[in-house]
Amino acid sequence: MDKHYDAKAAEAKWYPIWENNGCFHDEPGKGEPYSVVIPPPNVTGILHMGHALNQTIQDILVRWRRMQGRNTLWLPGTDHAGIATQNVVEKALKKEGKRRQDLGREAFVERVWEWKKQYGGTIVHQQRMLGNSTDWQRERFTFDEGCSKAVAKVFTRLYDEGLVYKGNYIVNWCPRCGTALANDEVEHEAHHGNLWYVRYPVVGSEKGAAGEPYKDYIMVATTRPETLPGDTAVAVNPKDERYAHLVGKKVILPLTGREIPVISDDYVEREFGTGIVKITPAHDPNDFLVGKRHGLEEINIMTDDGHMNELAGAKYAGMDRFECRKALVADLESGGYLDHIEDYDNQVGHCYRCHEVVESRLSKQWFVRMKPLAEPAIAAVKSGEVRFVPDRWSKIYFNWMENIQDWCISRQLWWGHRIPAYYFGDGKLVVAETPELALEKAKAIDPNVTAADLEQDPDVLDTWFSSWLWPFSTLGWPEKTKDLDYYYPTTDLVTAQDIIFFWVARMMMAGIHFMGRPPFRNIVIHGIVRDAQGRKMSKSLGNSLDPLELIDAYSADALRFSIALITSLDCDSKVSKEKFEIGRNFCTKIWNAARFMEMMGGGEAGGGAPDGLAAFGRDLTSDEKHILWATDIACRKVNDILESYRIQDGALAVYDFFWTQICDWYVEYAKDAPDKKRAFAILRDVFWKALRLLHPYMPFITEEVAHQLGYLKDGETIMRAKFPTGYSDEEKAAWGLSQETYDFVNAKREAITALRALRAEYKVAPSAFVKATIATDDPKAKAEAESLKRAMRAEAVEFVAAGSDLAMPSKITSFGTVYLSLEGLVDKAAEAKRIAAELAKIGGFIKASEAKLANENFVAHAPEAVVAEARRKLAENREKVAQLEKLSKLFA
RNA sequence: GGACGAUUAGCUCAGUUGGUUAGAGCAGGACCUUUACACGGUCAAGGUCGGGGGUUCGAGUCCCUCAUCGUCCACCA
């Protein structure tokens, strides 16, 4: 083995071998399936830390399950990302001085496909760098043929079921992009604005003096005076006595002369402004709802591109909306309708793409009725059929699902699944999966219709409309495929909290509605990646870490392991570059340990077969029994931990096992073991188990080391090696393993550590051979004299009866009291001070313990073991005090 | 405004049904180049578990309250 691990070479070598040999691919059929669909990244995307976190978690779970022998599918793919992709291509066109309109729809869409062909593979390539064991043979794209078929089928079915409808609705509208925006596509920002107080005269009021055209008026406060011509009512709170007498009366809409009613609605806050709100149903979402409740007229006074239309009044028609605001305010003022203006800060929505101020606008859009879909999806989680991990996310899910709103699914874009609705004749409409089927349906209505008469709806569907079918559209639905039959429902879905609503909840609904079963059993929600200050990573802040740079600097294994180590399902993860050194250092440790094994002939000692240690019989030393027991514990623990998705705990467990148990203790033991050959045969077996435990976390280095050390032959892979489950009861019995022996060695280590500490405290040179004395009556302990001598670097280890009272520096351990014999080496004053401090600390504890044990209730209620332990600790500390007091006299 | 979290060592975080003197990594300290590894080893130090109440024999853990921070949702004309 080379002195240094060449991660780049190993990663470049193994990934293609895995991929080309079908290591990521299983066929449906045999065994228990384990399937996961990847949250498809945007095809325009580049790999960021969020992906790295999300996919590392999935790959750990998938590799672990695969090694357990499960029939595994991790399905990769990308999302066509409607608006994002269209924007990228439009930007490219802009450089050529063209707009998409110059190309026309068909040519533009063709152009986007070309872009996809050329650049769409970027993120897919980058995912390979992470080591993802996704089944590339089954890679899908939300806009590929199969997914598109599924989309058309779903839309048609929902339409036929009356769950898709076209309706007038208030939507967020970007005047620049010319498209409706989903709520999540609108970014709210604080804005310094004004509140204009406008007088609406009550009908029948007398004319007043100059500057006050009417004596009797009500005052309305508004932030958007330009919408005034669209007002169709003013509203007050039903409980507001101030205005109760006005309800049912009419007021005159300034500048228009139109009479509008005064209505009462709970939506109005009494305390805000004047307590009277103008209602503009066509230009405000809340007003729209109020209008629906009261049957108000909806007057749309704006054009698609943010200008006023004729309904705003001849004077304002054609004006930009903000220009109109100024003009209209001026007119209000000159007409005597403007009472006063206040400064007012509010939140204004902006388009998440182009940052234009979003307009609330009435338009014809397609909607999915969500309530009927949501109900079974709620029930599936309530019944426990589908489980959130951690469970608390189910509350958030319920909260949203129980208040679900209809879903606006149409987008005024060109790139996306075109809505399979066809118009003909005079506003007639058919919905069908294909143009041919549409024609059939149309002919049923009007036999004279030809294909040329059908005009398809120009809008496309929201990107999520294909994503919500992902768990089954990717498996072949609506065809009845083997994959679908075998791998659906998928087992785990792993994603971040931010798309629980947009994606997870919708997949639940679609899965149940179209497949009859929820699309997954467990929904694993992890946190998001933040920077060291806890801020979200974003391009604009410049605080992003690039996973590819980290892979370049530290290796993919290092990245993966470090991510796993900082991953908590319960909260967000803060990362900084330094954190990845942990993984890098761990790789180095693994490599060096492997190198050491090779150097010591560990590779041969077991005769090549990992189970060669069976030959060494039952006379194992306590240290050998200890490592075997520790290995058994580690295997069980890692399996248990991963079973409950505690990725971080698993990383810690395997890290500690490898570093502390194997490297720090057992390897040091093996260097100088009484039977080195046997010690290394055991190490060889333990090491092989450790490599496999590590493999889900660090796939590349474990594969490389497994081959270098001869655990695997050419053509074999650790990916398909059996994930360790620990030793059998027979093996444990044959080797004489037991919890007692394990505890015994832990106690022995305490004694070794105690002596090291004494050496350090008394400044004994590390190279010096010292004399150690241990007070114990345990014959088993006395039998360890030789191994203690080596580990303690002592020229002699002697034993005296437990409770012996030697006037030497000592430490009490569960192995016995360890004394260090030394003459004249000590700084007496410093030692006296140290002893005094320790005495004070122990004294406090003894007092507390005594009080506790004197408490009858404690003795009566606490578990026996707890009481016994308290007694033992008390006795131990009393003994410690006695020792220290003796010493303090010595140093006085 | 609503919902849900978080607050434990200088930093990042564990702490599974309440029960030993609350753990790890990093940073910092001391010592060590002992022939796998200084991206290392050994040892030591560092916390009245955000504040205040309560339940209990016993609270980091359960309840209430306050404070601070965060996330998502809805956003007030």
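So that the names make sense, note that chain A is the first sequence line, chain B the second, and so on, each numbered from 1. Keep in mind that the numbers below use all heavy atoms, side chains included, and drop hydrogens, waters and symmetry copies.
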Looking at A:R584 and B:rC39, is any side-chain donor or acceptor paired with a base atom of the opposite kind under 3.5 Å? yes
With a 3.5 Å cut-off and just heavy-atom distances, do the side chain of A:K395 and the base of B:rC4 make a donor-acceptor pair? no
Need one value for [X]: base, sugar-phosphate or nothing, where a base atom within 4.0 Å counts as base even if backbone is also close, heavy atoms only.
X	result
A:A593	base
A:G583	nothing
A:P766	sugar-phosphate
A:D664	sugar-phosphate
A:V859	nothing
A:F501	sugar-phosphate
A:C663	base

Ignoring the backbone of [X], work out which of [options] is nearest its side chain.
X	options	value
A:D649	B:rA14, B:rA44, B:rG40	B:rA14
A:V277	B:rC39, B:rA77, B:rG19	B:rA77
A:L652	B:rA24, B:rA36, B:rG19	B:rA24
A:F502	B:rA77, B:rC73, B:rC13	B:rC73
A:N592	B:rA36, B:rG19, B:rA77	B:rA36
A:N857	B:rC57, B:rA77, B:rC72	B:rC57
A:T223	B:rU16, B:rG5, B:rA77	B:rA77
A:E668	B:rG40, B:rC37, B:rG25	B:rC37
A:K589	B:rC39, B:rC37, B:rA44	B:rC37
A:Q648	B:rC13, B:rC57, B:rA24	B:rC13

Quote, to the nearest angstrom, the [atom1] distance that separates [N] from [M].
N	M	atom1	result
B:rG47	B:rU56	P	32 Å
B:rA30	B:rC37	P	25 Å
B:rG15	B:rU68	C1'	23 Å
B:rC49	B:rC39	C1'	33 Å
B:rU61	B:rU20	C1'	16 Å
B:rG28	B:rG46	C1'	10 Å

Is the shortest side-chain N/O distance from [X] to OP1 or OP2 of [N] below 4.0 Å?
X	N	value
A:N399	B:rC4	no
A:K671	B:rU34	no
A:W659	B:rC37	no
A:T753	B:rC43	yes

Please map the stems of RNA chain B, keeping only stretches of three or more Watson-Crick or G-U wobble pairs with both distances under 3.5 angstrom. B:1-7 with B:67-73, B:10-13 with B:23-26, B:29-32 with B:40-43, B:50-54 with B:62-66
Reading RNA chain B from 5' onward, which residue's closest nucleotide shows up sooner: A:A760 or A:K579? A:K579
Which of these passes side-chain hydrogen bond (donor to acceptor under 3.5 Å, both in side chains) with A:K278: A:T227, A:D287, A:D284, A:T232? A:T227
Which of these passes side-chain hydrogen bond (donor to acceptor under 3.5 Å, both in side chains) with A:R321: A:E359, A:H283, A:E226? A:E359
For A:N639 and A:R636, test the side chains for any donor-to-acceptor distance below 3.5 angstrom and give the result as yes or no. no
Using a distance-only test with no angle check, is there a side-chain donor-acceptor pair under 3.5 angstrom linking A:T222 and A:R224? no
Taking the six-membered ring for Trp, are the ring centroids of [X] and [Y] within less than 6.0 Å of each other?
X	Y	result
A:F388	A:W393	no
A:F687	A:F658	yes
A:Y655	A:F561	yes

Going by the angle between their ring planes, with limits at 30° and 60°, are A:Y5 and A:W591 parallel, tilted or perpendicular? tilted
Name the one of A:I218, A:D339, A:L253, A:L228 that satisfies side chain to side chain contact (heavy atoms under 4.5 Å, CB included) with A:V198? A:L228
